Protein chains: 2
Amino acid sequence: MATLNNETRERRETGTLGKLMVLLDLVAHADGPLRFTDIAAASGQPRGTLHRQLVHLVEEGLLELDADGRYSTGLRLLELASRSWARNELRLVAEPHLRELQDLTGETVHLGVIRGASVIYLDKVEGRQPVRMYSQIGNASPIYCTGVGKAALSLLPDDRIDTLLAEVSFQRFTPATHTRDTLLTEISEIRRNGVAFDREEHEVGIRCVAAPISSENLSFVGGISVTGPAYRLTMERLEEWAEPIRRTAGRISTGIRIGLGPRP
Amino acid sequence: MATLNNETRERRETGTLGKLMVLLDLVAHADGPLRFTDIAAASGQPRGTLHRQLVHLVEEGLLELDADGRYSTGLRLLELASRSWARNELRLVAEPHLRELQDLTGETVHLGVIRGASVIYLDKVEGRQPVRMYSQIGNASPIYCTGVGKAALSLLPDDRIDTLLAEVSFQRFTPATHTRDTLLTEISEIRRNGVAFDREEHEVGIRCVAAPISSENLSFVGGISVTGPAYRLTMERLEEWAEPIRRTAGRISTGIRIGLGPRP
DNA sequence: CCGCTAGTTCCATTATTTGGAACTTAATTT
DNA sequence: AAATTAAGTTCCAAATAATGGAACTAGCGG
């Protein structure tokens, strides 16, 4: 087809830092520890350069080098993230509301925000805790097939949606996964209802209801959701929860606007 | 081999990265979001330089700049740490054992490793979950007043202990907090028993038993602990748990040595 | 409208990063 | 055990990026 000249200025101009972050991402997204050679191949850096870069990352604790000469991500990240999470204002404001919603529904409640074309989960409340917390927190999921992602999208103006979706390759996770067209149709529906449903679009057997949250100026956009197995969460039940979840989302948005407002 | 005997490797030579990490730490350890001016004052950087550095950190998602012009840590850290945590081999091996120990004792179980003169908690298992997971995970606590820290120290040769403790300023958290001398005395006791006790040394009213874990070559050193309120955890009860916790720690160490061994 | 604080941009100078090549180990083969 | 190859490390002149003082702009309070 003719040139689809993407105006997306994706090249980051962060100099040295940018180059190092590419390496960090590379190691973080690998399936396991990587050896020098693996990283060299994947990054395409000359060996001398790469060597110094890795030494720096290891010295800062961002990477760790084990006895077999394999690199994995370092504990420094955990330490930094822990502080970041503990103080996150949205999370702090939302926490009691998430619990309340969990009490009402008895199902798992998530809080997430969008970053680029992904949803990042900030918190999660489960009834009895059979699953580990971190199993979701910090996780990045595609925006187009999660309740939180779709709810969040619905708040954005069309041009920002277009820009975001331009970089998305709609992978088909289940038969119900959206394409670009069906997603856009659903977004106008979400705008009318104020809630988004995930009808087994990411994983077969998993459904959810979600409602959007945002700061006044859309400096961040996210949502909350109630998720569970399809056999328990019939579409009728999800419809019943639409109103409570909208209300909860509204309260969190209000709380954020007050909490994040200009300092006294 | 000759290059390893370098005693004078205290100063970090990580160039650009090091300078940026100082800023990241500064923001992460602040009590709340910082304004440009606050960071300028704390870092002593000229405004022009600082500005560009912050722009780069924000562009990489390591920092976030809110509508009021205040900087806080960014979600990218959470994303990276989440992967790091989920794949951490020690944590994966330890997880079932921690649960087992929690079942046995009914109290909170921690897994931690030492990094510098701090203990970083990698995992935590509680009975009913009234407290949030992340409340401890990723947290850095002083090595000299935590069960895990003291247990871990006991595995190290004396010269490495000396080196580590050289940078520690023994802050007195409670009347029972160790000084350098009493700590060294206790370490030889821990070496005999294979378990360490925290007798309200970090927080009044909190006690724990801990046992050490390590890889074969001491490339990492850590421990597990059972923690709880002093009124419930009498010293007698802690003594009873000494044996089970030693056994559990032993199993984890074995698991790690097998799991982390040379690739098949 | 003025002065002031806070933040941003510019650009010649300075410091760091780069990467090819030479060098050292470690592993594998003969 | 020697020879061969692969894996990792060090070096340094050239290329690139970071630095920081100064000039500039925005926003606010009087």
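Nothing here was measured: the structure is a model prediction, and the numbers come from that model. FYI, side chains are in, hydrogens and waters are out, and symmetry mates aren't considered; it's all heavy atoms of this structure. Chain identifiers are assigned alphabetically (A, B, ...) following the order of the sequence lines, protein sequences preceding nucleic acid strands; residue numbering begins at 1 within each chain.
Computed from coordinates, the B:Gln53 CD to C:dG7 C1' distance equals 15 Å when rounded to whole Å. Taking atom CG of residue B:Leu20 and atom P of nucleotide D:dA17, one finds them 15 Å apart after rounding to whole Å. Look at CG on B:Leu54: it is 16 Å from P on C:dA6, rounded to the nearest Å. A:Leu17 has its CG atom 17 Å from the P atom of C:dT16, to the nearest Å. For the pair B:Arg35 CZ and D:dC28 C1', the interatomic distance rounds to 14 Å; values are reported in whole Å. Separating the CG atom of B:Leu50 from the P atom of D:dA18 is a distance of 14 Å, rounded to the nearest angstrom. Straight-line distance from the NE2 atom of A:His56 to the C1' atom of C:dA15: 13 Å, rounded to whole Å. With rounding to whole Å, B:Ile39 atom CD1 is found 15 Å from C:dT8 atom C1'.
Put simply, CZ on A:Arg180 and CD1 on A:Ile161 are 12.0 Å apart, with the number rounded to the nearest 0.5 Å. With values rounded to the nearest 0.5 angstrom, A:Gln53 atom CD is found 11.0 Å from A:Leu63 atom CG.
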Exercise for the section: Take B:Tyr71 and B:Leu57 through the test side-chain contact (heavy atoms from CB on, under 4.5 Å) and record every step on the way to the result. Expected result: CA-CA 10 Å; B:Tyr71 292 87; B:Leu57 287 168; over 6 Å; no
Exercise for the section: Apply side-chain contact (heavy atoms from CB on, under 4.5 Å) to B:Tyr144 and B:Lys150, showing your working. Expected result: CA-CA 6 Å; B:Tyr144 58 91; B:Lys150 294 190 295 177; 5.8 Å; no
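For A:Arg35, the CZ atom sits in a loose shell: 12 or fewer heavy atoms of surrounding residues, nucleotides or ligands are nearer than 6.0 Å.
Mapping A:Thr16 and A:Tyr71 onto DNA chain D by nearest heavy atom places A:Tyr71 at the nucleotide closer to the 5' end. Nearer to the 5' terminus of DNA chain D, by closest-nucleotide assignment, is the contact made by A:Val55 (compared with the other of A:Val55 and A:Lys19).
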Between protein and nucleic acid, restricted to nucleotides 19-22 of chain C and to nitrogen or oxygen atoms under 3.5 Å apart, what atom pairs and distances do you find?
| from | atom 1 | to | atom 2 | distance (Å) |
| --- | --- | --- | --- | --- |
| C:dG19 | N7 | A:Thr49 | OG1 | 3.1 |

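Residue A:His51 places none of its side-chain N or O atoms closer than 4.0 Å to OP1 or OP2 of D:dG8.
The side-chain heavy atoms of A:Leu153 and A:Ile190, taken from C-beta on, include no pair separated by under 4.5 Å. Proximity of A:Val113 to A:Val119: side-chain heavy atoms (C-beta onward) are nowhere separated by under 4.5 Å.
For A:Thr37, counting side-chain heavy atoms from C-beta on, the closest listed nucleotide (D:dG8, C:dG7, D:dA18) is D:dG8.
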